[in-house]
Amino acid sequence: MSELVIWTLDWVPMPDGPAGFVRDLRLRWACEEAGFDYSVKTVPLDGKGPDHLARQPFGQVPFLDDGDLKLFESGACLLHLAGKSEKLMPHDPAGAAETLQWTIAALNSVEMASVPWWFLEVTGAKENGLTDLLESRLDGLEAVLKEREWLAADRFTVADLLMADVLRVKKIREFGDRPASESFVKRITERPAFKKAYADQMSHFKAADKAKNKG
Ligand SMILES: N[C@@H](CCC(=O)N[C@@H](CS)C(=O)NCC(=O)O)C(=O)O
């Protein structure tokens, strides 16, 4: 198997920055679920050099090396990893298609509403015109999660991983009462692979912060 390298940021502000939520966590988590060996490398938070932009045209993280194959976008990286292990997605056509559908739904129907909503909220915008949109997406998902344990193929897949990661931002779940979504997030983030990925990301950023403050 070729070498997997997950790229993330070299540092983020502590304690109020995004440590614990930087999206390399999605890839670490998938690798932990699948039992893949991987290493983590970094690009600087400050100043996006040409090397970074050549790998991720928007200057973001994560991106992934799988040997000579280079990928960006967390969803694309997750689906690529899922193609390498049935632990992340069934490989029969129907199961794979359903996993693809819910992975895209997490990104393009839920996260596309939750991230702009969150930005407006934390920047203190007086009117958050995206609240109705986000509520309707969260309500639609709640109706699905009331009826089933997993999003796709009657089992854990990367679609659950991604949806739980999108919903794990507590602020976006603080309005409305959606018990099935709450228990989904709790259940999926109780998985040992999530806990390991989370702890590893926190250690990475704590060590980076310590080194920065020393220097
Ligand atoms: N759609 C992208 C979003 C990536 C993203 O928002 N990355 C954040 C970290 S979690 C980032 O790099 N932020 C720094 C920036 O945008 O300059 C993906 O899912 O990979």
Side-chain angles (χ1 to χ4, degrees), residues 1 4 6 20-38 62 64 66 69 71-115 117 133-170 172-201:
M1 173 131 141
L4 292 171
I6 297 170
F21 288 90
V22 181
R23 287 173 177 76
D24 66 84
L25 194 144
R26 296 173 178 180
L27 311 196
R28 292 174 185 262
W29 182 0
C31 287
E32 296 294 340
E33 293 279 358
F36 294 153
D37 287 333
Y38 60 96
L64 177 74
D66 179 359
L69 183 75
L71 279 177
F72 68 91
E73 281 297 335
S74 60
C77 297
L78 285 179
L79 287 167
H80 173 71
L81 293 171
K84 296 163 77 80
S85 171
E86 295 239 20
K87 290 195 176 150
L88 297 171
M89 174 180 80
H91 288 177
D92 67 281
E98 219 188 330
T99 306
L100 177 61
Q101 165 188 275
W102 277 106
T103 300
I104 302 293
L107 295 170
N108 200 42
S109 291
V110 181
E111 191 167 52
M112 70 75 77
S114 66
V115 166
W117 180 88
L133 175 69
L134 180 58
E135 278 205 289
S136 82
R137 297 292 152 89
L138 295 176
D139 288 346
L141 190 60
E142 175 71 8
V144 170
L145 291 172
K146 259 187 197 151
E147 303 299 324
R148 57 170 112 161
E149 190 175 1
W150 311 106
L151 288 172
D154 282 330
R155 45 155 287 191
F156 174 80
T157 67
V158 281
D160 298 303
L161 180 162
L162 188 53
M163 192 68 88
D165 196 58
V166 168
L167 295 178
R168 172 169 86 80
V169 178
K170 212 166 180 350
I172 69 162
R173 309 195 323 274
E174 271 169 357
F175 57 88
D177 184 26
R178 299 183 188 86
S181 302
E182 284 304 311
S183 97
F184 173 78
V185 173
K186 188 164 183 294
R187 190 165 69 244
I188 305 295
T189 57
E190 264 166 7
R191 297 175 70 83
F194 169 79
K195 290 188 179 163
K196 168 89 169 64
Y198 183 88
D200 286 353
Q201 181 178 104

Locate the shortest heavy-atom distance separating [X] from [Y]; write the atom from each residue and the value.
X	Y	answer
Gly83	His91	O-CE1, 3.2 Å
Thr189	Val185	OG1-O, 2.6 Å
Cys31	Ile6	SG-CD1, 4.2 Å
Asp200	Lys196	OD2-NZ, 2.6 Å
Glu111	Arg23	OE2-NH2, 3.0 Å
Ser74	Leu27	O-CD2, 3.9 Å

pair [X]-[Y]: side-chain heavy atoms closer than 4.5 Å:
X	Y	value
Arg26	Val166	yes
Ile188	Leu167	no
Leu141	Met163	yes
Asp160	Phe184	yes
Ser114	Val169	no
Leu78	Leu162	yes
Arg178	Glu135	yes
Thr157	Leu88	no

Does NZ belonging to Lys84 count more than 12 external heavy atoms closer than 6.0 Å?
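Yes, because the 6.0 Å sphere around NZ of Lys84 holds more than 12 heavy atoms from other groups.
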Crowded around Asp154 CG? As in, over 12 foreign heavy atoms under 6.0 Å?
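No, CG of Asp154 has 12 or fewer neighbouring heavy atoms, counting only those of other groups under 6.0 Å.
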Using the side chain to side chain contact (heavy atoms under 4.5 Å, CB included) rule, take Trp29 and Asp165 through it: C-alpha gap first, then chi angles, then the decisive distance, then the call.
CA-CA 10 Å; Trp29 182 0; Asp165 196 58; 4.3 Å; yes
With a 3.5 Å distance limit and no angle check, can you tell me whether [X] reaches the backbone of [Y] through a side-chain donor-acceptor pair?
X	Y	answer
Trp102	Leu151	yes
Arg137	Ser109	yes
Gln201	Val22	yes
Arg187	Glu149	yes
Asp66	Leu69	no
Ser136	Leu133	yes
Arg28	Ala193	no

Is it true that Arg173 and Glu142 have a side-chain N and a carboxylate O under 4.0 angstrom from each other?
no
Indicate yes or no: does Lys186 engage Glu190 in a salt bridge with an N to O separation below 4.0 Å.
yes
Could you go through Leu161 and Phe156, starting from their C-alpha distance and side-chain angles, then the distance that decides it, and tell me whether this counts as side chain to side chain contact (heavy atoms under 4.5 Å, CB included)?
CA-CA 8 Å; Leu161 180 162; Phe156 174 80; 4.0 Å; yes
What's the separation between atom CE in Met112 and atom CD1 in Ile104, rounded to the nearest 0.5 Å?
13.0 Å
CD1/Ile172 to NZ/Lys170 distance, rounded to the nearest 0.5 angstrom?
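If I round to the nearest 0.5 Å, the distance is 11.0 Å.
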